[in-house]
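For reference, the structure discussed in these notes is given below.
Reminder, nothing fancy here: chain letters follow the sequence lines and each chain counts from 1. Fair warning: this is a prediction, and the values are worked out from it, not measured in the lab.
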Amino acid sequence: MNMLEIRHLSKRFGDKVVLDDLNLVVEEENIFGFIGRNGAGKTTTMKIILGLLEADSGEVYVCGEKVQYGSAKTNRLIGYLPDVPEFYGYMNAREYLRLCGELSGMDKEEIKSRSKELLEMVGLLKEKGKIKGYSRGMKQRLGIAQALMKHPKLLICDEPTSALDPLGRKDILSILSKVQDETSVIFSTHILSDVEKICRNVAILEKGNIVMQGNVNDIRLRHTSGDICIVPERLSDLDAIANLTGGAVVDDKVIVPPANSGSSAMSAVLSKLADSGIDLLKIEQMEPDLDQLFMEVIGK
Amino acid sequence: MTESKAYLKKEWLEFKRTHRLLAFCILFAVFAILGPATAKLTPLLLEAFQADLETQGMQLVISEPVAMDSYMQFFKNLPILLIIVIILFSGSFTGEFTKGTGVLMLTKGLSKRKMLFTKYILWMLTTLGGIFLYLAIFMGYTAYYFKLTNLGGFFAAAGIYLIYIWFWLSLLLLMSVIIKSAGIVILGMGAVYFILSLIAIIPNAEHYLPTGLSQGVVFVADPTVIKDFLPAILITCCLNIVLIIASALLVPRKEV
């Protein structure tokens, strides 16, 4: 079943087109990365999915149910974690989760056991103080707990790690990895290393449209340039290697482009170098990381 | 209904923990004590200055204070309390969106309409509670200092003033929907008061305006005047209903 389906979604603010005929399908899965730079339209898309913002045109379906602007009906299926969640500072974590549970129509016992379970998972079980005294990381962890309170089918996280320090980011990624067994997660971010760590599938949003979508490993393979990187033991051998392979010297290595190498040509390069008697530290077929792919896709 | 009940519990907790309940109790009680005390002490203060004033050629005729002087103080202090109430509640709804706390409530299935009207119920109940506290303490002190008179007129005037307070809370409801920040909500309320005051300059216009309901002690002194203000009572009640309906229709489209 499709957890989320977006059809021909468009939205503009004044003259600025934020979403331009956006189409996206997210199937039932673990963690789906929704990547885009700041201002690409990620938060706008999320708000439309939550019925908090009205689209100019297009339709959004959550678990097959159509999202209506201003109606909270489909939100019973969704848990939402904003980039900087804001809570009622005069409450403590348990009181806040009780409020969330009561709003979701859960009974007292269920609220009690679920709150305990979630607070334990996010490491706030022993925290008795008021939320106003929480650090940003603690608020983000409580944000995950509140989003999961009613066992949502879909958890939408809007840049949950953007405002956190490395330790806080690590905590959040670890918690998201844990929750993927009970709910599908859409993880919106511009921090690509976070996506590489926890997402199986991704979509890249640029100028209001999806410019690339698929499995992270498949995308990497499809975009493998075929370049071969050779690092000699002695820097004085760099020119000799370049001459032999037809590559170019870049810093302390030689890069052999696909025209001269190609994925099937690795053995030919290896045999040329073996005959030359040059000692090598490393030779490898280069794979682009998500950062390079992202830059390539958005044309930077 | 479940959502509204849960949210009302949260609103009450907020009212208590952000010390608004304490502020309400102290303010309403202090003003309730001040009214009769001022009525009782003013002639004594004037007596103290009488000698000085007479040497300057001014003749003071000081009459014995009566319950009516205390009633006058009751209605004089009500607008101050109303302004405080409006300031305390001005950011209640808009704040949920400017601070971002309301978004998480909406994503739990609470509609904007339920959020707004739950707040409105709390505004009404707490203000009514405050007014009753004010009235109870005031009556106690007035009965202690003076012989109670004109009680029928006093309670009729107080009842009419409640409709006037209801009008401002209903206006606050609509302003909270159409305006984004608390500061601008207060300015908007001020602008409406200014416009109503301008219209009231027209002879007899106050018989048709919500502001006409704030006559207070005029009604106590002569309850027969109330019949001239029946159109204002009717128009204000109708306006309140219009304000409530308009808020209910507009709030789902409020930007988050």
For A:K112, is there an ion pair with A:E109 - N to carboxylate O distance below 4.0 angstrom? no

Taking A:K132 first and then A:E86, would you say they form a salt bridge - that is, a charged N and a carboxylate O separated by under 4.0 Å? no

Just so I understand: if I count every heavy-atom pair under 4.5 Å between each of [options] and chain A, which residue has the most?
options	value
B:V103, B:L104, B:T2	B:L104
B:M105, B:K99, B:E255	B:M105
B:K10, B:K5, B:E3	B:K10

Test: side-chain hydrogen bond (donor to acceptor under 3.5 Å, both in side chains). Region: residues 13-26 of chain A. Which pairs qualify, not counting sequence neighbours? A:H8-A:D21

Comparing A:Y88, A:Y80, A:F87 against chain B, the one with the most heavy-atom pairs below 4.5 Å turns out to be A:Y88

B:F194 atom CZ: more than 12 heavy-atom contacts under 6.0 Å: no

Part of A:K130 within contact of chain B (heavy atom distance under 4.5 Å): side chain

For A:I78, which atoms come within 4.5 Å of any heavy atom of chain B: side chain, backbone, both, or neither? backbone

Return yes if some donor-acceptor pair links the side-chain N/O of B:K254 with the main-chain N/O of B:I179 below 3.5 Å, else return no. yes

Whether B:Y145 and B:Y141 hold their rings parallel, tilted or perpendicular, with breakpoints at 30° and 60°: tilted

Relative to chain A, which segment of B:R113 carries a heavy atom at a distance below 4.5 Å: side chain, backbone, both, or neither? neither

Let me know if B:S4 has heavy atoms under 4.5 Å from chain A in its side chain, its backbone, both or neither. neither

